[in-house]
> 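If you scroll down you'll find the structure; I have some questions about it.
What you see below is based on every heavy atom in this structure, not just the backbone, and it leaves out hydrogens, waters and symmetry mates. Numbering of ligands and ligand atoms starts at 1, following listing order.
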Amino acid sequence: MKIFSFWRSLATYRVRIALSLKGITPEEVIEVNLMKGHQRDPKFKAVNPMMAIPALIDGEGPALFESLAIIEYLDETHPRPPLLPTDPKARARVRGLAQIIACDSHPLVVPRVREYLAHEYKIDEAGVMKWAGHWVATALGALEEHLSHGKETGTYCQGDQITIADICLASQAAGAHFFKVDINQYPTVKRIVETCMKNEAFAKAHPLKQPGAPAAA
Ligand SMILES: N[C@@H](CCC(=O)N[C@@H](CS)C(=O)NCC(=O)O)C(=O)O
């Protein structure tokens, strides 16, 4: 298995957590340096035409793309431990929580969007940070509502089982750190993330634990 990765990538962080939980170590980690624009290199564009990481190649390929699709592939091919509950309503809630993060919030703060705001609309760094912080905080507010009021919430987002929702929540917390959003405003989110981070699979996959990461960011 090969993964295209970069320390700061929140979407790749999600896949790294899933790999760790499943006990899978990819034979090759190929760095795509997002800070140097390497996602736009023709060689990588041939792997993922969206010019985004993660991408994962298992065996002969083809390259898989989109973190949630990759995580579900890993869950289907390596069923233990399961990352989705069995009950249909619980599965829908877990996917919904995950999609608030991966589909509603994260796409608004990725490098291509921040760079577009800066280059096309001449928004300065503080303005871009404000934009990103706004969308990260909006999702965290919705997640806090769901998690603090939902009777399905337990040790983790859905009862006492680690699911795709927890994986995404950990990535959202890392994004909150990068974009200076205070996670203390979201006590249930904070509690669940802190519980997740006690698990080695989450801790060792963290962006700041990856090769090339700065000591703090
Ligand atoms: N929805 C995608 C997001 C992929 C994505 O945008 N990844 C970011 C890094 S977290 C990226 O490679 N961005 C490149 C760019 O924006 O230029 C997923 O969940 O995999």
Side-chain angles (χ1 to χ4, degrees), residues 1-21 26 29-58 61-75 83-84 94-121 123 125 128-129 131-133 135-136 138-140 143 163-179 181 202 205-214 217:
M1 211 177 264
K2 285 188 213 178
I3 183 167
F4 294 81
S5 175
F6 186 59
W7 67 266
R8 201 180 196 279
S9 163
L10 299 174
T12 312
Y13 177 30
R14 298 195 274 271
V15 171
R16 280 197 303 266
I17 297 169
L19 287 165
S20 296
L21 287 167
V29 178
I30 302 156
E31 186 189 85
V32 180
N33 190 320
L34 299 180
M35 284 162 158
K36 294 186 178 162
H38 290 175
Q39 67 273 32
R40 293 185 286 273
D41 285 354
K43 213 169 147 207
F44 181 67
K45 192 172 178 220
V47 174
N48 185 5
M50 194 57 195
M51 298 176 280
I53 52 173
L56 183 118
I57 301 181
D58 189 12
L64 305 177
F65 46 88
E66 290 289 334
S67 58
L68 293 182
I70 295 172
I71 293 170
E72 290 214 18
Y73 167 80
L74 294 171
D75 206 34
L83 298 178
L84 279 169
V94 164
R95 288 189 171 118
L97 293 169
Q99 287 174 22
I100 287 175
I101 295 161
C103 306
D104 291 345
S105 174
H106 183 213
L108 295 167
V109 306
V110 290
R112 60 187 173 279
V113 169
R114 289 185 279 126
E115 285 164 16
Y116 196 77
L117 290 171
H119 298 151
E120 292 292 320
Y121 295 100
I123 297 175
E125 204 182 324
V128 173
M129 281 293 282
W131 162 280
W135 295 115
V136 169
T138 300
L140 283 168
L143 291 160
T163 64
I164 292 170
D166 302 293
I167 292 176
C168 289
L169 201 67
S171 77
Q172 189 74 3
H177 176 73
F178 290 153
F179 298 114
V181 176
F202 282 76
H206 192 275
L208 297 178
K209 294 276 172 56
Q210 305 313 303

> Above 12 or not: heavy atoms from other molecules or residues under 6.0 Å from CH2 of Trp7?
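Check passes, neighbour count above 12.
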> Hydrogens and angles aside, do Ser5 and Gln210 bring a side-chain donor and acceptor to less than 3.5 Å of each other?
no
> Find out whether Tyr73 and Asp58 are in side-chain contact, i.e. whether some heavy atom of one side chain is under 4.5 Å from a heavy atom of the other.
yes
> Hey, is CZ on Phe65 packed in by over 12 heavy atoms from elsewhere, all under 6.0 Å?
no
> Parallel, tilted or perpendicular: which describes the rings of His206 and Tyr13, with under 30° parallel and over 60° perpendicular?
perpendicular
> Could you pull out every protein residue that has a heavy atom closer than 4.0 Å to ligand 1, ordered by chain and then number?
Ser9, Leu10, Ala11, Arg14, Leu34, Gln39, Met51, Ala52, Ile53, Pro54, Glu66, Ser67, His106, Val110, Pro111, Arg112
> Quick one: list whatever passes side chain to side chain donor-acceptor pair (under 3.5 Å) with Arg112, sequence neighbours left out.
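If we apply the side chain to side chain donor-acceptor pair (under 3.5 Å) test to Arg112, skipping adjacent residues, there are no hits.
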